[in-house]
There are 2 protein chains.
Amino acid sequence: MRRSEIRNHLLETALRLFNEHGYHATGVDLIIAEAGVAKTTLYRHFETKEDLILAALERRDEEDRYAMRAFVDAHATDPLGRLLATFDFLEAAVDDQRFRGCIFVSAAGEHKETVDPVFRAAVLHKRLTLAYFEELAYAARLVEPKRIAAEIHLLHEGAMVVAQMSRTAEPVRQAREMARKLLDTAGQSSTPRIPAQRAPADRI
Amino acid sequence: MRRSEIRNHLLETALRLFNEHGYHATGVDLIIAEAGVAKTTLYRHFETKEDLILAALERRDEEDRYAMRAFVDAHATDPLGRLLATFDFLEAAVDDQRFRGCIFVSAAGEHKETVDPVFRAAVLHKRLTLAYFEELAYAARLVEPKRIAAEIHLLHEGAMVVAQMSRTAEPVRQAREMARKLLDTAGQSSTPRIPAQRAPADRI
DNA sequence: GCAAAACGATACAGATCGGTATACAAACCT
DNA sequence: AGGTTTGTATACCGATCTGTATCGTTTTGC
């Protein structure tokens, strides 16, 4: 295994174990055993366990938001449909048998001090996710994009927590339906209408 | 301190520390130090730390649901207003400076196995809370009480998680507004109309 | 091809974990 | 009043925690 591969492998192993057992309950001895790596090696790549946690969360944050973007782009073209497609992405994640709740919410739950770097990393992920929803809401020309995005975000979080307990994807489908109704009654700025422009735009 | 007082004191101390630092991060040595009690005493009241956690969650579950009922009864008379008042109760809880997220969600986040007694205790609390929402939805004669109750529940969970990260009560107010709109468009069975009966009922 | 860096294996440090043992004082019940 | 229970205090158990030190081997970069 090359050096860069080891780092990747350690991050992936740690993320899997953090997701399975939580952060405090996952010792570095377990991580190195599962990764098949010496303890010295782990501590050459990461100064402390907290650094490993932070790097793992950062990695997961990027992966997760990139994957959501890719999924949404592949499953919907119009901005409103894209906002709804985020729930389909979430449903797929929840349907995965490895789903055990949002690792960022769990991280914040185990590191509750607002100055704790782990807590801050979790908050950052949520802020960036919210920013993506705002981006979609702006693109949909909603009259209150920030408010709608915050509502979508709240529905995502609620669906994830309820799904964490029920271990079914039903809450996600319900949240999607709530979002659909919400978007139905949300006002759209009428300047250049999307449907009126779609035909020529599709040809470009 | 009498025997029953010690048990209460231990449960309250443990709940405070679990809320502040989480479950794994709170050792029994810290609990007994903060409670001002010998270790032998703790283990005479609770067989294991897990038993203490379970007893603490059970205690908090009952307190919490009782307090919500009392608050709701005191702040609203009509069933629809009661469903909304649950958010006012939540807002007060979140506004408390000690709020660090839902302790049941954190408990489930640290004990992820569905067979883990702690996980099951967390799930039970959520199920009982949902049952209360259903009770209110039935009383409001909504045409789909279970669906509405589940939606209210999802909004509660979402608001709590977002508030856990933002450390403000704004998400709760937003969730309340979402619930208000949701109830506005929700159908009510028209048999004995509440407004038609309210005047005489108020005099009794 | 050779020095430097990174690796694995192991042993260990010092602290903390949940839980027990022991001995003795205080409070309770009949 | 006296025996049982429940409390405090303290020392201890073995296991586990994060992190380091040592040392020989393998890989890497120039």
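Letters go in sequence order (proteins before strands), and every chain restarts at 1.
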**Q** Residues in salt bridge (charged side-chain N to carboxylate O under 4.0 Å, His left out) with A:Asp51, at least two apart?
**A** none

**Q** In whole angstroms, how far is the C1' atom of C:dT10 from the CD1 atom of A:Ile32?
**A**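 Result: 11 Å.
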
**Q** Can you list the residues that meet the salt bridge (charged side-chain N to carboxylate O under 4.0 Å, His left out) rule with B:Glu170, with sequence neighbours excluded?
**A** B:Arg173

**Q** To the nearest angstrom, how far is B:His45 atom NE2 from D:dG7 atom C1'?
**A**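 Rounded to the whole Å, the gap is 9 Å.
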
**Q** Separation of A:Leu42 atom CG from C:dA9 atom P, in whole Å?
**A** 14 Å

**Q** Does any pair with a residue in residues 86-108 of chain A pass ring pair (Phe, Tyr, Trp, His ring centres under 6.0 Å), and if so which ones, sequence neighbours excluded?
**A**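 Counting only pairs at least two positions apart or across chains, the ring pair (Phe, Tyr, Trp, His ring centres under 6.0 Å) contacts touching residues 86-108 of chain A are A:Phe71-A:Phe89, A:Phe87-A:His156, A:Phe104-A:His125.
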
**Q** If I take atom CG in residue B:Asp51 and atom C1' in nucleotide C:dG18, what distance separates them, rounded to the nearest angstrom?
**A**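 About 13 Å, once rounded to whole Å.
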
**Q** Check side-chain contact (heavy atoms from CB on, under 4.5 Å) between A:Val72 and all other residues, then give those that pass, not counting sequence neighbours.
**A** A:Met68, A:Arg82, A:Ala85, A:Thr86, A:Tyr132

**Q** Taking CD1 from B:Ile6 and P from C:dA27, how many angstroms apart are they, rounded to a whole number?
**A**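 Distance check: B:Ile6 CD1 to C:dA27 P gives 11 Å.
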
**Q** Apply side-chain contact (heavy atoms from CB on, under 4.5 Å) to A:Ala107 and list each qualifying residue two or more places apart in sequence or on a separate chain.
**A**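 A:Ala107 satisfies side-chain contact (heavy atoms from CB on, under 4.5 Å) with A:Tyr23, A:Leu57, A:Val118 once adjacent residues are dropped.
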
**Q** Going 5' to 3' along nucleotides 11-27 of chain D, which nucleotides have protein heavy atoms under 4.0 Å from the base (write B), which only from the sugar-phosphate (write S), and which from neither (write -)?
**A** ------SBBBB------

**Q** May I have all residue pairs that pass salt bridge (Lys or Arg N to Asp or Glu O under 4.0 Å) and include part of residues 104-120 of chain B, sequence neighbours excluded?
**A** A:Arg100-B:Glu113

**Q** OP1 or OP2 of D:dT6 sitting under 4.0 Å from any side-chain N/O of B:Thr41?
**A**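 Checking D:dT6 against B:Thr41, no side-chain N or O comes under 4.0 Å of OP1 or OP2.
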
**Q** May I ask you to say whether A:Glu177 pairs ionically with B:Arg147, meaning some side-chain N is under 4.0 Å from a carboxylate O?
**A** no

**Q** When the C1' atoms of the five terminal pairs at each end define the local axes, what inter-axis angle does the helix from C:dG1-D:dC30 to C:dT30-D:dA1 show, to 10 degrees?
**A** 30°

**Q** Enumerate the residue pairs fulfilling ring pair (Phe, Tyr, Trp, His ring centres under 6.0 Å) with a member in residues 24-59 of chain B, sequence neighbours excluded, ordered by first and then second residue.
**A** B:His24-B:His111

